[in-house]
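One structure below.
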Amino acid sequence: MGARGPGSANIVSISSRIWTGRQGDGRTDREDLGRAAYAGRRGRSLVDELAAGVQRAVAAWADDEQIQLPHTLAVAVEPTARPEFGDYTTNVAFALAKVARRAPLAIAQALAPRVVALCPLATAGEAAAPGYVNLTVDFWPGLLGPDLPTFAPAATKVVVEHTSVNPNKAAHVGHLRSAVVGDVIARLLRRVGTGVEVHNYVDDLGKQVADTLIGLLHLDFTDPVPTHRFDDFCWDLYAEVARRVATDPEWQARERAALEALERQDNGTAWVGQLMTDRLVHEQLEDMGRFHIQYDLLVHESDIVREGFWARAFADLSRSPRLVHETTGRLAGCWVLRTGADPSDDGLPEPEAAAGDPRFNPDKVLVRSNGTLTYVAKDIAYHLWKFGRLDQDFQYRSTGGDGPWTTARVGEPPPHAFGRADRVVNVIDHRQDYAQEMVRLALAALGHDDAATALTHVSYGVVSLSPATAAQLGVDTSAGRSSYPMAGRQGIGIKVSELLAVVKEAVAASRSRDSGLSSQEIAVGAIRYYLLRHNLSTEIVFDVDAARDVHGNTGPYLMYAHARASSVLRRVADVPVDDVPRPLTPAERALARQLAAWPAVLEEAAAAVNPTLLATYAYRLAEEFTQFYETHPVARAAPGERSGRIRLTRRVERVLHDALDVLGLPAPEEM
RNA sequence: GUCCCCGUAGCUCAGCUGGAUAGAGCGCGGGACUUCUAAUCCCGGUGUCGCAGGUUCGAAUCCUGCCGGGGACACCA
């Protein structure tokens, strides 16, 4: 990168880091998405203005000192950790120290007054050892401007796939994590102006479905825990069948026969299978619906097979040197996707996608020696369709009412074209990293490098059980592990419906009045927040007692803060509000500063495809507001102070409402 | 065996694109409601940031090795 003339540096602000705590892995595909979102935002935030002021100061300084600046500088303009450091701080002097070969403190001292002179919002600037520029800001104009960021609608369409529970039993908390994370990603992308289509993949041809099915057909099963729900019944039935399949050759043969019958599709077994999976999907969707999670399209694996999507994908893929028909050895008779991870595979193009990645097995079977397709093969076909690269389409029908559309045997005209995505976001736990990379590799091998790049796998850690919760479920915890996995095959897990009932009960028991939001809605907010506040890469060690908590860093705390703001505003509904500026108290400043961060947090969350940033931000905002609320009367404030406090409270209500909407939590006016 | 993720307060977790005295919630003890909802707030924490080296003016953060936990590497999904 060649140096330009003095004063020409672009400052790359990474300013949102401090408010939210940055996560994310910095993958390029996520950053691209972020840039698109950033470009669409209308208007500048307070922090944007400040960063621009710092940039002007740097340019002026470089001119005066005759210093050549590089094209870009990575600089943070961020809130200070302590009030005595001012409102915002920047590390720009450290970045310049390396370029100019001068002491950071000297640069900071030269910069501080220039920022104050060149940025109308900065009322004071100080250099602090070892080289920070600390800025004090006039927050008042920020309380007069527009409340919420707006984004120009983007022409791009993103398909978000999440949930994708095997339709053979009830959904558990682990599935709910995918659903909640995916749902927030969909809400977030819509919020920043992107077109979104939400898919739920129904794997109705898999081994798990076959197991529940043969239990239904061959077992005289009575549920040890009588239930009115079919998915609860299947939960126990599946565990019973899994026990038999593990050891009994007769049941293993039944499983194979059922799998084969499901894939053939024109027989009684397949029809019973379809009736079974339809009913289970219906109940799973009811569960998710209670959490305000909705889908645009259900994609059935059986429809991918029936429509012959794989035949077209195979025709294309077989022109690639990566698809190999093995004639000898362990995989004789299989069609294999060769990843190039084996060093002996010379001559294959690389690097592309996962090629040569030592994490992966060099050969991935797509077509078994008996001619049937593996899961990855069907997923490749599905993704070619998602990206509109297949010249083929499904049949569709509506599931009625507000429900999603679904792929079907016989179609009716869909309301709009499904699929044809510019980007695809798959919310799938980290155990499928390998399978997702295989899909990406196949897309690249077919020449769809753009699609391979536009495929984002949002990988997240599994939900496991705390020792206490595992013990309550009858798991043997004598091994003393720190967590225990949920296991559908063993019937071990917290079902979504049970969790909601338990948390709802806890909410009902702890509430001080009954007139506000229903206990179920509060429970939904509590559970959603619990699943969102952990980093995506973190394995959530789920504890029932912790999930039942409604105090502290929980969903109800955020909702309560919103209800308090609403309550205050009801009291002052008729009070006239003026624009007369006044100095803010420390708590007011802290609150104003947090409010000013919202546009950047939205952008960064969209860029990183990371809902946790939103959860963290909303909690901090609720916390700042609550502290303000405790110490600053609004309705009973002196007239000189009241207008500013009403403005702050109004803004808190709107920004918190916006944040809660994106998080899918209720924003109650009363609790 | 190879590779990936994780290891921070009693517990669950933030912080980790290097920077100013390492944070929150829970739990525990104490305090605050005739005042905009106390589902709240305030006070009380030196914790071998797994261990050992290294890079740096500066490391919880980057690099290497080791130890411990989890996961992936299926003609499962």
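Naming convention: chains lettered A, B, ... in sequence-line order (proteins, then strands); numbering from 1 in each chain.
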Can a salt bridge be assigned to the pair [X] and [Y] using a cut-off of 4.0 Å between side-chain N and carboxylate O?
X: Arg440(A); Y: Glu437(A); value: yes
X: Arg338(A); Y: Glu326(A); value: yes
X: Arg489(A); Y: Asp211(A); value: yes

Base, sugar-phosphate, or nothing for [X], non-hydrogen atoms under 4.0 angstrom?
X: Ala103(A); answer: nothing
X: Ala561(A); answer: nothing
X: Asp379(A); answer: nothing
X: Tyr619(A); answer: sugar-phosphate
X: Glu255(A); answer: nothing
X: Val634(A); answer: base
X: Asn166(A); answer: sugar-phosphate

### Task
Could you check which residues of residues 511-526 of chain A get a heavy atom under 4.0 Å from RNA chain B? Sort them by number, please.
Arg511(A), Ser512(A), Arg513(A), Ile522(A)
### Task
Pull out every residue in residues 481-488 of chain A that has a heavy atom closer than 4.0 Å to any atom of RNA chain B, ordered by number, or say none.
Arg481(A)
With a 4.5 Å heavy-atom cut-off, do [X] and [Y] have their side chains touching?
X: Val427(A); Y: Tyr460(A); answer: yes
X: Thr649(A); Y: Phe625(A); answer: yes
X: Leu96(A); Y: Leu111(A); answer: yes

### Message
If you assign Phe542(A) and His632(A) each to the RNA chain B nucleotide with the nearest heavy atom, which residue ends up on the more 5' nucleotide?
### Response
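Its nearest nucleotide lies further toward 5', so the answer is Phe542(A).
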### Query
Closest nucleotide of RNA chain B for Gln432(A) versus for Ala128(A): which of these residues is on the 5' side?
Ala128(A)
[X] has a side chain; which of [options] sits nearest to it?
X: Arg571(A); options: C36(B), C75(B), A39(B); answer: C36(B)
X: Thr626(A); options: G25(B), C36(B), C41(B); answer: C41(B)
X: Leu331(A); options: C13(B), C75(B), C76(B); answer: C75(B)
X: His430(A); options: U35(B), C13(B), G71(B); answer: G71(B)
X: His534(A); options: U40(B), C75(B), U12(B); answer: U12(B)
X: Ala635(A); options: C36(B), A39(B), C13(B); answer: C36(B)
X: Thr89(A); options: A20(B), A39(B), C26(B); answer: A20(B)
X: Arg368(A); options: A72(B), C75(B), G70(B); answer: C75(B)
X: Gln627(A); options: A39(B), C41(B), C76(B); answer: C41(B)

Please report the distance separating the [atom1] of [N] from the corresponding atom of [M], rounded so that it comes out in whole Å.
N: U35(B); M: U40(B); atom1: C1'; answer: 15 Å
N: C26(B); M: C63(B); atom1: C1'; answer: 36 Å
N: G54(B); M: A9(B); atom1: P; answer: 25 Å
N: C67(B); M: C51(B); atom1: P; answer: 15 Å
N: U55(B); M: U8(B); atom1: C1'; answer: 23 Å
N: A59(B); M: G18(B); atom1: P; answer: 14 Å

If we call it a pair only when both distances are under 3.5 Å in a Watson-Crick or G-U wobble match, what pairs with [N]?
N: G7(B); value: C67(B)
N: C73(B); value: G1(B)
N: A32(B); value: U40(B)
N: U56(B); value: none
N: C13(B); value: G23(B)

### Query
Where do Gly525(A) and Met559(A) come nearest, in terms of heavy atoms and distance?
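The answer is CA-CE, 3.8 Å.
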### Summary
Correct closest heavy-atom pair for Val550(A) and Ser510(A) would be CG2-OG, 3.4 Å
#### Entry: Test salt bridge (Lys or Arg N to Asp or Glu O under 4.0 Å) applied to Glu505(A) - qualifying residues, sequence neighbours left out
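None.
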### Query
Under the criterion side chain to side chain contact (heavy atoms under 4.5 Å, CB included), which of Arg647(A), His632(A), Glu641(A) is the partner of Glu588(A)?
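Considering Arg647(A), His632(A), Glu641(A), a side chain to side chain contact (heavy atoms under 4.5 Å, CB included) with Glu588(A) is found only for His632(A).
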### Task
Would you mind telling me which of Arg244(A), Glu260(A), Lys207(A) makes a side chain to side chain contact (heavy atoms under 4.5 Å, CB included) with Glu255(A)?
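Only one of Arg244(A), Glu260(A), Lys207(A) forms a side chain to side chain contact (heavy atoms under 4.5 Å, CB included) with Glu255(A), namely Lys207(A).
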Could one point to a donor on the side chain of [X] or the base of [N] with an acceptor on the other under 3.5 Å away?
X: Asn134(A); N: A20(B); answer: yes
X: Thr80(A); N: A20(B); answer: no
X: Ser369(A); N: C75(B); answer: yes

Between [N] ([atom2]) and [X] ([atom1]): distance, integer Å:
X: Tyr560(A); N: C36(B); atom1: OH; atom2: P; result: 11 Å
X: Leu337(A); N: C73(B); atom1: CG; atom2: P; result: 15 Å
X: Tyr238(A); N: C76(B); atom1: OH; atom2: P; result: 15 Å

For [N] and [X] - does any side-chain N or O of the residue sit under 4.0 Å from the phosphate oxygens OP1/OP2?
X: Arg431(A); N: C5(B); value: no
X: Asn535(A); N: A14(B); value: yes
X: Tyr530(A); N: G25(B); value: no
X: Thr538(A); N: A14(B); value: yes

### Message
Quick one about Asp87(A) and Thr136(A) (side-chain donor to acceptor, distance below 3.5 Å, no hydrogens or angles considered), yes or no?
### Response
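Absent: no donor and acceptor within the cut-off.
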### Query
Parallel, tilted or perpendicular for Tyr557(A) and Tyr619(A), by the 30°/60° rule?
tilted
Polar atom pairs (N or O), protein with nucleotides 31-33 of chain B, under 3.5 Å:
none

### Task
Output yes if the stacking criterion (under 5.5 Å between centres, under 30° between planes) is met for Tyr557(A) over the base of A39(B), else no.
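No, Tyr557(A) does not stack on the base of A39(B), since the centre distance and plane angle fail the 5.5 Å and 30° test.
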### Task
For Arg243(A), check side-chain contact (heavy atoms from CB on, under 4.5 Å) against everything at least two apart and list the hits.
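For Arg243(A), the residues satisfying side-chain contact (heavy atoms from CB on, under 4.5 Å) (neighbours in sequence not counted) are Glu240(A).
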### Task
Return yes when atom CD of Glu669(A) has more than 12 non-hydrogen atoms of other residues, nucleotides or ligands closer than 6.0 Å, and no otherwise.
no
### Task
For Phe542(A), enumerate each residue passing the ring-ring contact (aromatic ring centres under 6.0 Å, His included) test, keeping only those at least two apart in sequence or located in another chain.
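Phe542(A) satisfies ring-ring contact (aromatic ring centres under 6.0 Å, His included) with Tyr530(A) once adjacent residues are dropped.
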